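Everything on this sheet refers to the single structure shown next.
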Amino acid sequence: ANVVRRAADERIEKLEAQTGRTFGRKEKRDIREEMRLELLPRAFTRIAHTWVWIDRTHGYVCLDTASPTRADEVVATLLRCLDDLELSPVQTQSSPAVQMSAWLIAHEAPGRFDIEEECELKATDDTQAVVRYSKHSLNNAEVRKHIQNGKLPTRLALTWNGRVGLVLTEKSVVKRLKFLDGVFPGSDPADTGAESHEDAADRFEADWTITTGELGQLVPELIEALGGVEAA
């Protein structure tokens, strides 16, 4: 599907440039169907991309992936392309599992973080028992008892500054990063059908500026909440 979509978008762009007009939804749909039938007998290589943000201010490289394999591939590519780049994983003074346990027992996260209604607790003994909470208040005796009995958090939903939602794992991976209402004022991501390339580029630059502005504060605060960077 992504191959058909990409080929159709290229054809639409070319035809619009030739005719000097913007195609409507029905015309675009017809072109996509034509491309599907045209490309159906052929085989393709799947193309994927991973966003990378190099934060020069704090010296971080952030990757838009929770997959260790994909992260290793991206890091290897960066090291091949940028001769002067040196990278090492962030190691914090305290493990996320220990810190998240303390937050859940006190039902209070540090700084501008707030605990949401989702977490996963896993036993450290041979049973490997797992307890999951979803859309459930975590400020109760049951959660504290599980932790006191030896279960450690492996996932915990948090919000930061009322603007960004995320799930923190015991491996310091941030998953399901989501910008909350009001972060992108006046933006409707679904309304992209009639955008020119210039408009799309301007919109990307504006959204990226807001995104990195938020993450530029969130990432250092998250590392600080986990005890700061471990000394080499």
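Note that this is a predicted model, so its numbers are computed, not measured. All residue numbers in this chain count up from 1 along the given sequence.
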Indicate yes or no: at least one non-hydrogen side-chain atom of L166 is less than 4.5 angstrom from one of L218.
yes
Tell me every residue that passes side-chain contact (heavy atoms from CB on, under 4.5 Å) with I147, counting only those two or more places apart in sequence or in another chain.
S101, L104, I105, L121, V143
Treat each ILVMFWY residue as a node, draw an edge where side-chain heavy atoms are under 4.5 Å apart, and state whether L156 and V130 are in one component.
no
Between R132 and E120, does at least one N-O distance fall below 4.0 Å, as a salt bridge requires?
yes
Under 4.5 Å side-chain linkage, directly or through intermediates, the cluster mates of L180
none
Once rounded to the nearest 0.5 Å, what's the spacing between atom CH2 of W53 and atom CG of L63?
12.0 Å
Quick one: side-chain contact (heavy atoms from CB on, under 4.5 Å) partners of D114, sequence neighbours excluded?
E116, T159
Please lay out, stage by stage, how T212 and D55 fare under the test side-chain contact (heavy atoms from CB on, under 4.5 Å).
CA-CA 8 Å; T212 55; D55 181 0; over 6 Å; no
Treat each ILVMFWY residue as a node, draw an edge where side-chain heavy atoms are under 4.5 Å apart, and state whether V173 and V90 are in one component.
no
For residues 67-76, run the donor-acceptor check on the side chains, cut-off 3.5 Å, and write out each pair with its distance to 0.1 Å, sequence neighbours left out.
from : atom 1 : to  : atom 2 : distance (Å)
S67  : OG     : T69 : N      : 3.4
S67  : OG     : R70 : N      : 3.2
R70  : NH1    : T50 : OG1    : 3.2

Decide side-chain contact (heavy atoms from CB on, under 4.5 Å) for C62 and V219; before the verdict, give the C-alpha distance in whole Å, the side-chain angles of both, and the deciding distance to 0.1 Å.
CA-CA 9 Å; C62 299; V219 173; 4.3 Å; yes
For E205, does the CD atom have more than 12 heavy-atom neighbours from other residues, nucleotides or ligands under 6.0 Å away?
no
Considering all heavy atoms of both residues, which atom of I115 and which atom of L138 are nearest to each other, and what is their separation?
CG2-CD1, 3.9 Å
What residues form a side-chain contact (heavy atoms from CB on, under 4.5 Å) with K26, not counting sequence neighbours?
R29, D30
Looking only at heavy atoms, the pair that brings W160 and E221 closest together is NE1-OE1, 2.9 Å
Pairing of E33 and R36 as salt bridge, 4.0 angstrom limit
yes
Please report the closest heavy-atom contact between K28 and F23, naming both atoms and the distance.
CE-O, 3.4 Å
Would you find more than 12 non-hydrogen atoms of other residues, nucleotides or ligands less than 6.0 Å from Q128 atom CD?
yes
Sorted by chain and residue number, the salt bridge (Lys or Arg N to Asp or Glu O under 4.0 Å) partners of E38 (sequence neighbours excluded) come out as R11
Can you confirm whether R56 is buried at CZ, in the sense that more than 12 heavy atoms of other residues, nucleotides or ligands lie under 6.0 Å from that atom?
no
If you measure from CZ on F184 to CZ on R163, what distance do you get to the nearest 0.5 Å?
9.0 Å
Please list all pairs meeting side chain to side chain donor-acceptor pair (under 3.5 Å) that have one or both residues in residues 164-180, counting only residues at least two apart or in different chains.
E118-R176
Mind checking the CG-CZ spacing from L168 to F113? Nearest 0.5 Å is all I need.
8.5 Å
Any donor-acceptor pair under 3.5 Å from D125 side chain to T127 backbone
yes
How long is the span from the CD atom in E27 to the CG atom in L15, to the nearest 0.5 Å?
9.5 Å
Pairing residues for E108 by the salt bridge (Lys or Arg N to Asp or Glu O under 4.0 Å) criterion, not counting sequence neighbours
none
E224: which residues meet the salt bridge (Lys or Arg N to Asp or Glu O under 4.0 Å) condition with it, sequence neighbours left out?
none
Look at the aromatic rings of W51 and W208 and report parallel, tilted or perpendicular, splitting at 30° and 60°.
tilted
Flag yes if V164 and V167 sit in one hydrophobic cluster, no otherwise; membership is Ile, Leu, Val, Met, Phe, Trp, Tyr, and two members link when side-chain heavy atoms are under 4.5 Å apart.
no
Side chains of S137 and N139: do they bring a donor and an acceptor to under 3.5 Å?
no
Backbone N/O of A225 and side chain of Q99: donor-acceptor pair under 3.5 Å
yes
Side chain to side chain, I210 and F179, heavy atoms closer than 4.5 Å:
no
Relative to each other, are the rings of H58 and Y60 parallel, tilted or perpendicular (30° and 60° limits)?
parallel
Residues in side-chain contact (heavy atoms from CB on, under 4.5 Å) contact with E10, at least two apart in sequence or another chain:
R6
I31 side, atom CD1; I12 side, atom CD1 - distance, nearest 0.5 Å
4.5 Å
Just grab all the side chain to side chain donor-acceptor pair (under 3.5 Å) pairs involving residues 74-83, residues at least two apart or on different chains.
T77-R80
Heavy atoms, side chains only, cut-off 4.5 Å: are H107 and R144 in contact?
yes
Which heavy atom of M35 sits nearest a heavy atom of A7, and at what distance?
CE-CB, 3.5 Å
How close do L222 and V174 get, heavy atom to heavy atom, and via which atoms?
CD2-CG2, 3.7 Å
Enter the distance from E117:CD to H136:NE2 here, rounded to the nearest 0.5 Å.
9.0 Å
Could you state whether V183 and F204 fall into the same hydrophobic cluster, counting links through intermediate Ile, Leu, Val, Met, Phe, Trp or Tyr residues with side-chain heavy atoms under 4.5 angstrom apart?
yes
Examine Y133 and M100 and state if one hydrophobic cluster contains both, with Ile, Leu, Val, Met, Phe, Trp and Tyr joined whenever side-chain heavy atoms are less than 4.5 Å apart.
yes
Results of salt bridge (Lys or Arg N to Asp or Glu O under 4.0 Å) for D9 - residues two or more places apart only
R32
